[in-house]
Number of protein chains: 2
Amino acid sequence: MARSLRKPKAAGRPPEVRPSAQQAENLRRSRRDRAVETAQDYVEAIADLSASLGEARVVDLARRLGVTHVTVNRTLTRLQQAGYVNTQPYRAIFLTDSGRKLADECKRRHQTVAAFLRKLGVSEKTAELDAEGIEHHVSPETLATFEKLLARR
Amino acid sequence: MARSLRKPKAAGRPPEVRPSAQQAENLRRSRRDRAVETAQDYVEAIADLSASLGEARVVDLARRLGVTHVTVNRTLTRLQQAGYVNTQPYRAIFLTDSGRKLADECKRRHQTVAAFLRKLGVSEKTAELDAEGIEHHVSPETLATFEKLLARR
DNA sequence: ATCAACATGTAGCCTATGTTACATTTCAAA
DNA sequence: TTTGAAATGTAACATAGGCTACATGTTGAT
């Protein structure tokens, strides 16, 4: 009843390599994306806080992101290595040009996704909630489609 | 120029507790969701492989998910603890009732999202790619909206 | 000018998810 | 029936992202 562990020499399945490989690639990308999601959430939060409070501090970021200041600290170290932020001990956090650019892209994408969902009839709260997760997985093509549909009507 | 580290006693910002707290909660949820994303990807893959090959084996899963068999192995251990799969050493992997139910939900959600994107005019390939990442972040309300719009027209 | 309270930093621990390298088991074929 | 290649399992390591507990720095108020 159970299939053998080894596939028979010549028999085997047809070369179903493509679909599986394609899916694997999709999932791999999906995972790889996760690595940058954090960076995006951080730079976006830093940009917002800088705009509303004049500067971004560790505690504010922690509150905003829903984590402890320790997590914020460690992540900031990596973001600095990645060239997105400038930090000095006990000082406020500033975005680099690269960080600011990323933040702008993220904000725009987030707003587009949220606006699109609202336009579809999704409630304000849910749209915001879902956009938070979805925004990181929307390709340029899909984003463009959203924008086009938002412009119409 | 730099704002003080401590906020002035009474002055401070207005109780901007809500927006920030809400955002933090959204992000927290977004993160929490990640924990189950893996389970969903796995049970979905197992269901598909079982359907197409008669059973799901570790190598097939690894190929399909784009990871090594080691990662698959460890994850399966946790999925078994979570009650989604049944495994025995050197044997094929089987979904429990609970696992099958989860897989069905995921598949349905994935197909809905992909179909919705295609209907918007997104290309086949991109729709599939984006759906892979988006599906895990679509709330029941948004999914229902997608389905409603798919039914129309 | 002092100092207590708050912000920030550090040490150490945990889980999830990846990896490579190597050991063990299975089974189709010689 | 033997056997070797493929499948599976295990050991040991790395990174990302959480946490608590504790140490250190800063500064508004006294």
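Naming convention: chains lettered A, B, ... in sequence-line order (proteins, then strands); numbering from 1 in each chain. All values reported here derive from a predicted model rather than from experimental measurement.
With salt bridges taken as basic N to acidic carboxylate O contacts below 4.0 Å, none links A:Lys125 and A:Glu128. Salt-bridge annotation for B:Glu105 and B:Arg108: absent, with no side-chain N of the basic residue lying under 4.0 Å from a carboxylate O of the acidic one. Comment: A:Arg57 engages A:Asp60 in a salt bridge, judged by a side-chain N to carboxylate O separation of less than 4.0 angstrom. Electrostatic pairing of B:Asp97 and B:Arg100 counts as a salt bridge here, judged by a charged N lying under 4.0 Å from a carboxylate O.
Taking atom CZ on B:Arg28 and atom P on D:dC19, their separation rounds to 8 Å, with Å as the unit. Atom P of nucleotide D:dA6 and atom OH of B:Tyr90 are separated by 16 Å, given to the nearest angstrom. Rounded to whole angstrom, the span from the CD atom of B:Gln40 across to the C1' atom of C:dT17 amounts to 17 Å. As rounded to whole Å, 14 Å separates atom C1' of C:dG9 from atom CD of A:Gln80. Computed from coordinates, the A:Gln81 CD to D:dA16 P distance equals 9 Å when rounded to whole Å. For B:Arg91 and D:dA6, the CZ to P distance is 19 Å, given to the nearest whole Å. Taking atom CZ on B:Arg63 and atom C1' on D:dA6, their separation rounds to 10 Å, with Å as the unit. If you take CG of B:Asn73 and P of C:dA23, they are 17 Å apart, rounded to a whole angstrom.
Checking D:dT8, C:dA7, D:dG17 against every side-chain atom of A:Arg74, the shortest atom distance belongs to D:dG17. When distances run from any side-chain atom of B:Val58 to the nucleotides D:dG9, C:dT10, C:dT20, the shortest one goes to D:dG9. Of all nucleotides listed (D:dG9, D:dA7, C:dA7), D:dA7 comes nearest to the side chain of B:Val59.
Residue contacts shown for A:Arg78 are limited to sugar-phosphate atoms, with no base heavy atom under 4.0 Å away. A:Thr38 comes within 4.0 angstrom of sugar-phosphate atoms only, judged by non-hydrogen atoms across all strands, and of no base.
Within the structure, a side-chain polar atom (N or O) of B:Thr71 is placed less than 4.0 Å from OP1 or OP2 of C:dT19.
Mapping A:His69 and A:Tyr42 onto DNA chain D by nearest heavy atom places A:Tyr42 closer to the 5' end of the strand. Taking the nucleotide of DNA chain C with the nearest heavy atom to each of B:Pro89 and A:Leu76, the more 5' of the two is matched to A:Leu76.
The aromatic rings of A:Phe116 and A:Phe146 lie parallel to each other, with less than 30° between the two planes, well short of the 60° mark.
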